[in-house]
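Some notes on the structure that comes next.
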2 protein chains.
Amino acid sequence: MPASRKVTIADIARHVGMTNITVSRALNKPEMVRPATRERIEQAALELGYVPNAFARGLKRSDSRLIGVVTASLDNPFYAEMIKAISRHAKQHDYAIMLFDTDGDPRLEAMAIETLLSYQAAGLILSPVSDEPDYRPNYLTRLQASDIAVVQLDRTLHDCGFSAVVLDNPGAGERVARYLLAHVFTPDRRTREDRLLVVAGPEHSRISRERLHGVQTALGEQAGDVGIDVLWGDYTLAPAVAQVRGYLKTHGVPRAIFGLNQLITLGALKALREAGIDRDQLSVIGIDRLPYLDIFDITVPCVVHDGYRAGAQALEQLLVQMRDPQAAPCTLTVRGELVT
Amino acid sequence: MPASRKVTIADIARHVGMTNITVSRALNKPEMVRPATRERIEQAALELGYVPNAFARGLKRSDSRLIGVVTASLDNPFYAEMIKAISRHAKQHDYAIMLFDTDGDPRLEAMAIETLLSYQAAGLILSPVSDEPDYRPNYLTRLQASDIAVVQLDRTLHDCGFSAVVLDNPGAGERVARYLLAHVFTPDRRTREDRLLVVAGPEHSRISRERLHGVQTALGEQAGDVGIDVLWGDYTLAPAVAQVRGYLKTHGVPRAIFGLNQLITLGALKALREAGIDRDQLSVIGIDRLPYLDIFDITVPCVVHDGYRAGAQALEQLLVQMRDPQAAPCTLTVRGELVT
DNA sequence: CTGTTAGCGCATTCAT
DNA sequence: ATGAATGCGCTAACAG
């Protein structure tokens, strides 16, 4: 019967009449031990219910098998997808994941980083609560001074020198704009009052800015008379609903609405429905796929990014950085695809 | 400037001319140290960029601040919701989450448990890959022998003696059946050929069995002539689509389809659409909410369970078990609500 | 309030 | 192929 007290390597050494170190080797570097003794040791370990102590091991050897994942929202399906990929690939390389959902709270984010540092995490995949330029968390210098590898995912900190996997935001904006030019704001149907409503994230969010900029570029070239209205908010559902609701009341129905992420787009659609505005009175287009809608024959054109791929790439990049701490930081960009 | 080498408690002790233990206390039990020295120590810690070593601490004091979460699928929104709740509440009690997505693979599950044991996790929230009675993982005895607290969530292992938070599965089945009796298989419209198609999870899954049993009970009482066809599968989308597709071909369109979870229901709807069968030719009803569909005016009646609540309760229960290892295991049931 | 001593469990020397 | 000694960084005892 397995004791309630912890079984250590010493217990099993005593059990087989060897010393600690031999047991340690038998368990970690089997080739350095005679097969016969190894078997006896493994046998004993099983019988006694031996469980290696990760703390003791981690204390001795300085490298840990831990990768931290810090993200602002588990419930965003796009993030869930990325985390799935990270988790799956981390496992393949024998790393365990320590997950932190910061819930958009900078304090929780800071605590998460502290915890990861104290656990000597080998790497960190970070998607901070904000990508606005003036968000300069205190933990930054500590992180940079530490020898933990860091890869940012999707959201990034303003020039912090870490690697990153980001989406092609300007490109997504451009693609949307070109689609609108081809199908909505066509020369023949264009009027002076045509307005495009862009529902964005936080006002200084890099991602929102880039996406918006893509739109402006592509639209500006050919469509001097399409006016763009922008509503700033955040990347969640409820505020988007409220914003759009207000806009509809004061400005009426725009010709098209562009939601800068999935939840925003859903929010806009919800506001439209509340207001009793049928979806064929205007065009709605978004970034990120609205899941499962194809099943109901609902098509909302959108730029789709492969979250699984982004997550996988982030982990790959992290492994590179972990292998070679000197490796130059690099930024990978995942392109989206317009799906109509 | 922070050194690249680790700063330990000893370094900062030297820096302020005190001994290790005083520093340790200043950092962990501030009230045991004179305010003045405490300040100097905290100051020094900051300057030197001190990071506590969780391994050393964990080795010394045997209790860890880690909670493991082992689940079969991060991408199931219902699970994502539960994990969100767990994460949020764990943080409030100063526990970090170690997350394992087993991807439905029993081997990965076993590895996850091993890892958690070796990290001396204080608690574990487990949703195993299978809830079929013949799934008896090897790690069970080790887990039982260990002093790690365990709470099962949603899926459970057949009488393993651990606490659990589960859904009211029979109740959900009954509620669905009663709804069908009231609105679909009404006496006046009932015919001998009326069939109800239930699309279930694995054939021996406790959850599926319970839900199905609920249906049979409620239906059997009053509806001798409603035939039930059951398709066994798993709890994911693709197999459900395939199953229902096949059924439609061979059996034609049933009077109603009942999907035993969210992804199954979506799968059924997808198969219907592929087959060009309009949704008002039959009734579709499910368990778990299909997210965001209200936005599009699509209503699929379903029994909704509060995943956030379930997750939160699991964590509460875990804390209870952790506080008092003797506490009797208990099973909490979360009731669902029919939403039409 | 502060210091001394000791040891958590394991793996890295260097021996044999 | 195996062993002896040592220390990773921290904190619980018990002093003082």
Side-chain angles (χ1 to χ4, degrees), chain A residues 3-42 44-45 48-65 114-115 117-122 146-147, chain B residues 3 5-42 44-45 48-66 114-115 117-122 146-147:
Chain A
S4 62
R5 241 195 64 272
K6 304 282 185 199
V7 176
T8 78
I9 203 176
D11 296 321
I12 117 169
R14 207 172 313 118
H15 195 82
V16 298
M18 301 263 128
T19 51
N20 301 15
I21 184 59
T22 310
V23 175
S24 170
R25 281 202 273 254
L27 264 25
N28 297 305
K29 311 184 175 167
E31 72 281 3
M32 289 184 65
V33 133
R34 186 147 35 93
T37 49
R38 191 203 325 165
E39 296 240 355
R40 281 179 45 224
I41 288 175
E42 283 169 349
L48 300 182
Y50 169 71
V51 175
N53 185 322
F55 289 158
R57 165 188 302 213
L59 186 55
K60 189 67 195 154
R61 319 170 4 131
S62 261
D63 70 322
S64 88
R65 305 301 294 179
E114 285 307 318
T115 305
L117 284 171
S118 76
Y119 274 98
Q120 323 276 73
S146 80
D147 47 359
Chain B
R5 241 194 64 270
K6 305 281 187 202
V7 177
T8 79
I9 205 174
D11 296 321
I12 116 169
R14 206 172 313 118
H15 195 83
V16 300
M18 301 262 130
T19 50
N20 300 13
I21 186 62
T22 310
V23 175
S24 171
R25 282 201 272 252
L27 265 27
N28 296 303
K29 311 182 176 170
E31 71 281 4
M32 290 186 64
V33 132
R34 184 150 36 94
T37 50
R38 190 206 321 164
E39 295 239 356
R40 280 176 52 220
I41 288 175
E42 282 169 350
L48 300 181
Y50 169 71
V51 175
N53 185 323
F55 289 158
R57 163 186 303 209
L59 185 55
K60 185 66 192 159
R61 319 166 7 135
S62 261
D63 68 324
S64 88
R65 304 301 295 180
L66 277 178
E114 285 307 320
T115 304
L117 284 171
S118 78
Y119 274 97
Q120 323 276 75
S146 81
D147 47 0

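In the text below, chain A, chain B and the rest are named by the order of the sequence lines, each starting its count at 1. Values reported hereafter were calculated over all heavy atoms of this structure, with side chains retained and with hydrogens, waters and symmetry mates removed.
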Legend entry - Phosphate contact (D:dT2 OP1 or OP2) by A:Thr37 side-chain N/O below 4.0 Å: yes

Inset, instruction - Starting at the 5' end of nucleotides 7-16 of chain D, put B wherever the base has a protein heavy atom under 4.0 Å, S where only the sugar-phosphate does, and a dash everywhere else. - result: BBBBBB----

Result block: side-chain N/O donor-acceptor pairs under 3.5 angstrom for residues 15-30 of chain A, not counting sequence neighbours:
unit_1, atom_1, unit_2, atom_2, d
A:Thr19, OG1, A:Thr22, OG1, 3.3
A:Asn28, OD1, A:Arg57, NH2, 3.0
A:Asn28, ND2, A:Ser24, O, 2.9

Inset, instruction - Report the distance from atom CD1 of B:Ile12 to atom P of C:dT2, rounded to the nearest whole Å. - result: 14 Å

Legend entry - Side-chain donor or acceptor of A:Ser64 paired with backbone N/O of A:Gly58 under 3.5 Å: no

Legend entry - A:Phe55 and B:Tyr119 aromatic ring geometry - parallel, tilted or perpendicular at 30°/60° bounds: perpendicular

Legend entry - Sub-4.5 Å side-chain heavy-atom contact between A:Thr8 and A:Asn53: no

Inset, instruction - Rounded to the nearest angstrom, tell me the gap between atom CD in B:Glu31 and atom C1' in C:dT2. - result: 15 Å

Inset, instruction - For B:Glu114, check salt bridge (Lys or Arg N to Asp or Glu O under 4.0 Å) against everything at least two apart and list the hits. - result: B:Arg142

Legend entry - Length of the CG-P vector between B:Leu27 and C:dT2, whole Å: 14 Å

Legend entry - Ion pair check, B:Asp147 and A:Lys6, cut-off under 4.0 Å: yes

Legend entry - Contact under 4.0 Å: B:Thr19 side-chain N or O vs C:dT2 OP1/OP2: no

